[in-house]
Amino acid sequence: MRYHLIRKGYAYGDRKLSDCADRYSPVRFYRDSHIKPRYLCIVAIFLFVTLGVYPTADTEQEQQQQKDTLSPDSSLQLASVEDFHAVEINKDTVSPEELSQSVALHTELELFLTPVEQEDLQKYLKEFQSNFGIQWLTNTLEAGAPYRPYIRQKLEEAGLPMALEYLPVIESEYKTTAKSRSGALGMWQFMENSIDGLLMKNDWVDERLDPWKSTDAAIKKLQDNYNWFQDWSLALAAYNAGAGAINRLLVRYDMKNYWELAESNKLSTQTELYVPKFLAVAELVLNEEQYGLTFPKVTAEDAVQWDEVVTEKSVSLNALAQAMNLDLSILEFLNPALLRGRTPPLTRYTIRVPRGTKEEAEEVMKTLKVPSREETYTVVKGDTLWGISRRFGVTVDDICDANNIKENAILSIGKVLYIPIIE
């Protein structure tokens with residue numbers, strides 16, 4: 001199995017990313033005939049360094065010859081031995097900041113060590129460069145524009161590979177309400193049984209639908225996966241199939257990396273294709289100029305801005321929007337985790353409001369009617385909203401607000417309605 005590691009500088013708009021993200025593209029392959037097998041010694045040096053073995057380095061003249069094999073007008077360069085100095089470090093003699101930067105560089109390098117001739121990767125690179133593929137990828141990146149700056153910021157803060165900004169492309173196409181056949185939900189496709197300690201879900205709230213909170217959770221899970229496997233391809237596979245499943249396969253078949261599992265057909269088809277598909281997307285987007293492509297750009301200035309207001313009462317988004325003279329869709333966009341269009345009763349909850357409206361929202365919320373208690377009612381045959389409202393002494397609007405339904409909604413037998421009792 002042959003590996004190439006290629007270095008390239010790139011930027012988003014006018015803003016350069018972190019040093020290691022600037023220097024290394026995800027899976028940049030260069031297979032022209034003028035790259036001879038002996039230059040693969042560079043990768044061997046990297047492998048030896050990460051394993052704690054120190055081979056004799058090439059002479060400076062040989063290293064320069066390796067770099068010169070690329071065309072003079074090409075911006076690509078083979079990574080040299082100097083690029084790997086930060087991988088082996090003495091934690092007792094460096095500052096925390098230097099240590100953090102070194103670990104980040106190591107993390108970037110690990111992700112980008114990819115088989116040159118991986119069949120599925122080449123298939124997706126070709127597929128995404130078709131007319132349909134380019135249009136699909138363009139539309140997907142455009143749909144992700146409200147969320148990509150936040151993802152990028154959090155990846156940079158965590159010291160994770162910046163290419164992971166494009167993982168939602170293959171997870172959900174950045175669709176916050178995307179739901180898989182297996183029940184995975186949201187932009188980062190979390191299963192309900194995998195969110196313990198990461199996201200909240202109850203009758204009122206499902207934070208898998210919140211692109212910002214789910215981004216925080218996804219980054220935490222990806223970091224945990226990498227900390228366990230020390231290999232980004234395995235960490236990505238574990239994000240798709242579960243860390244336990246991937247670990248059992250490695251132990252059972254005595255294999256060391258994702259590519260061995262994939263080539264020996266030990267993975268499910270979905271997981272086998274997951275990593276190559278992601279790498280193909282990242283390759284094309286991060287190196288668009290090399291492929292003659294242009295994709296939508298975002299900058300930090302494009303990030304969604306908001307203020308936060310804390311409430312311990314059940315507040316209706318609809319009532320809040322009307323009192324603030326806002327379009328309800330704005331509050332729904334900022335608070336997508338609220339399943340019933342209102343905050344949970346008797347629970348401290350943080351509502352997002354448009355930037356610059358915090359004080360107004362706080363004043364308005366003091367005047368809103370809020371239920372003193374909640375009751376539930378299970379719909380039976382013959383029920384109507386008007387009849388239910390009369391039974392509990394509330395208005396139809398109260399019931400609609402509490403359950404995020406419309407007045408003309410058809411009630412299905414067995415549906416549980418929340419009845420806000422305002423005393």
Side-chain angles (χ1 to χ4, degrees), residues 146-147 172 174-218 304 306 308-322 326-353 361 365 368-371 373-379 383 385 388-389 392 394-422:
Y147 316 116
S172 63
Y174 293 103
K175 295 176 182 176
T176 61
T177 58
K179 187 173 184 178
S180 72
R181 286 176 293 180
S182 60
L185 185 64
M187 187 169 73
W188 290 95
Q189 291 290 280
F190 277 98
M191 294 289 291
E192 188 172 344
N193 62 5
S194 68
I195 62 174
D196 187 38
L198 296 172
L199 296 168
M200 178 171 62
K201 183 186 182 304
N202 54 42
D203 289 343
W204 297 86
V205 175
D206 191 341
E207 291 182 341
R208 294 180 295 171
L209 295 168
D210 188 310
W212 301 286
K213 289 185 178 180
S214 63
T215 291
D216 295 340
V304 177
W306 64 75
E308 295 182 344
V309 181
V310 178
T311 177
E312 295 183 358
K313 301 176 181 179
S314 184
V315 174
S316 164
L317 293 184
N318 184 45
L320 181 60
Q322 290 182 9
L326 290 174
D327 192 314
L328 174 60
S329 63
I330 295 175
L331 292 183
E332 290 177 332
F333 171 77
L334 291 173
N335 300 276
L338 295 176
L339 300 176
R340 300 178 179 276
R342 67 186 305 126
T343 63
L346 306 176
T347 302
R348 185 180 179 86
Y349 192 85
T350 300
I351 301 177
R352 299 189 187 109
V353 295
M365 286 168 58
L368 293 179
K369 291 183 179 180
V370 295
R373 59 189 175 88
E374 301 273 351
E375 293 192 15
T376 59
Y377 176 77
T378 302
V379 175
D383 273 338
L385 285 174
I388 297 171
S389 70
F392 287 94
V394 298
T395 68
V396 171
D397 285 342
D398 290 336
I399 297 177
C400 290
D401 273 350
N403 295 276
N404 201 25
I405 59 176
K406 297 182 178 180
E407 289 186 21
N408 59 354
I410 298 176
L411 300 179
S412 53
I413 296 174
K415 179 179 178 63
V416 176
L417 295 176
Y418 288 83
I419 313 298
I421 308 299
I422 301 176

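- For S182, the side chain to side chain donor-acceptor pair (under 3.5 Å) partners two or more places apart in sequence, or in a different chain, are S180.
- Taking CZ of R208 as the reference point, atom CD1 of I195 lies at 5.5 Å (rounded to 0.5 Å).
- Between W212 and P336, the closest heavy-atom pair is CZ3-CD, 4.3 Å.
- For D327, the side chain to side chain contact (heavy atoms under 4.5 Å, CB included) partners two or more places apart in sequence, or in a different chain, are S329, I330.
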Exercise for the section: Quick one: do I405 and L385 satisfy side-chain contact (heavy atoms from CB on, under 4.5 Å)? Show the steps, please. Expected result: CA-CA 10 Å; I405 59 176; L385 285 174; 4.0 Å; yes
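- With S412 contributing its side chain and K415 its backbone, the two residues share no donor-acceptor pair below 3.5 Å.
- Residues passing the side chain to side chain contact (heavy atoms under 4.5 Å, CB included) test with S316 are N318, A319, R342, D401, sequence neighbours excluded.
- Side-chain atoms of T176 and Y147, non-hydrogen and from C-beta on, do get closer than 4.5 Å to each other.
- Put simply, CZ on R340 and OH on Y418 are 4.5 Å apart, with the number rounded to the nearest 0.5 Å.
- In this structure, M187 and K175 have side chains that are not in contact, with every pair of non-hydrogen atoms separated by 4.5 Å or more.
- When all heavy atoms of V310 and M365 are compared, the closest pair comes out as O-CE, 4.3 Å.
- Contact of the I351 side chain with the E308 side chain is not registered, since no non-hydrogen atoms from C-beta on lie closer than 4.5 Å.
- Within a 6.0 Å radius of NZ in K213, more than 12 heavy atoms belonging to other residues, nucleotides or ligands are found.
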Practice task
List the steps and the verdict of side-chain contact (heavy atoms from CB on, under 4.5 Å) for T343 and W204.
Solution key: CA-CA 7 Å; T343 63; W204 297 86; over 6 Å; no
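- Side-chain contact check for P211 versus Y174: every heavy-atom pair is 4.5 Å or farther apart.
- Taking 4.5 Å as the limit, every side-chain heavy atom of V309 sits out of range of all side-chain heavy atoms of T350.
- In this view, R348 and E312 satisfy the salt bridge (Lys or Arg N to Asp or Glu O under 4.0 Å) rule, not counting sequence neighbours.
- For the pair L209 and T177, the tightest heavy-atom approach, listed with the atom from each and the gap, is CD2-CA, 4.1 Å.
- Counting all heavy atoms, side chain and backbone alike, A217 lies closest to L198 at CB-CB, 3.9 Å.
- Counting heavy atoms from C-beta on, the side chains of V304 and L334 come closer than 4.5 Å.
- The shortest non-hydrogen separation linking G183 to M191 is C-SD, 3.8 Å.
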Practice task
Tell me, with the steps shown, if V315 and L368 meet side-chain contact (heavy atoms from CB on, under 4.5 Å).
Solution key: CA-CA 8 Å; V315 174; L368 293 179; 3.9 Å; yes
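- Of the possible polar contacts, none joining the S194 side chain to the E192 backbone as a donor-acceptor pair under 3.5 Å is found.
- Qualifying side chain to side chain contact (heavy atoms under 4.5 Å, CB included) partners for A337, counting only residues two or more places apart in sequence or in other chains: V205, E207, D210, Y349.
- Considering N403, T378, T376 in turn, N403 is the only one that fulfils the side chain to side chain contact (heavy atoms under 4.5 Å, CB included) rule with L417.
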Practice task
Using the side-chain contact (heavy atoms from CB on, under 4.5 Å) rule, take I388 and I399 through it: C-alpha gap first, then chi angles, then the decisive distance, then the call.
Solution key: CA-CA 9 Å; I388 297 171; I399 297 177; 3.9 Å; yes
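- V353 has its side chain out of reach of W306: every pair of non-hydrogen atoms, C-beta onward, lies at least 4.5 Å apart.
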Exercise for the section: For the pair W188 and T215, evaluate side-chain hydrogen bond (donor to acceptor under 3.5 Å, both in side chains) and give the outcome as yes or no after the intermediate values. Expected result: CA-CA 7 Å; W188 290 95; T215 291; 2.9 Å; yes
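- In the displayed structure, N202 atom CG is contacted under 6.0 Å by more than 12 heavy atoms of other residues, nucleotides or ligands.
- Shortest non-hydrogen contact noted between R352 and L331 is O-CD2, 3.8 Å.
- For D383, the side chain to side chain donor-acceptor pair (under 3.5 Å) test picks out Y377, with sequence neighbours left out.
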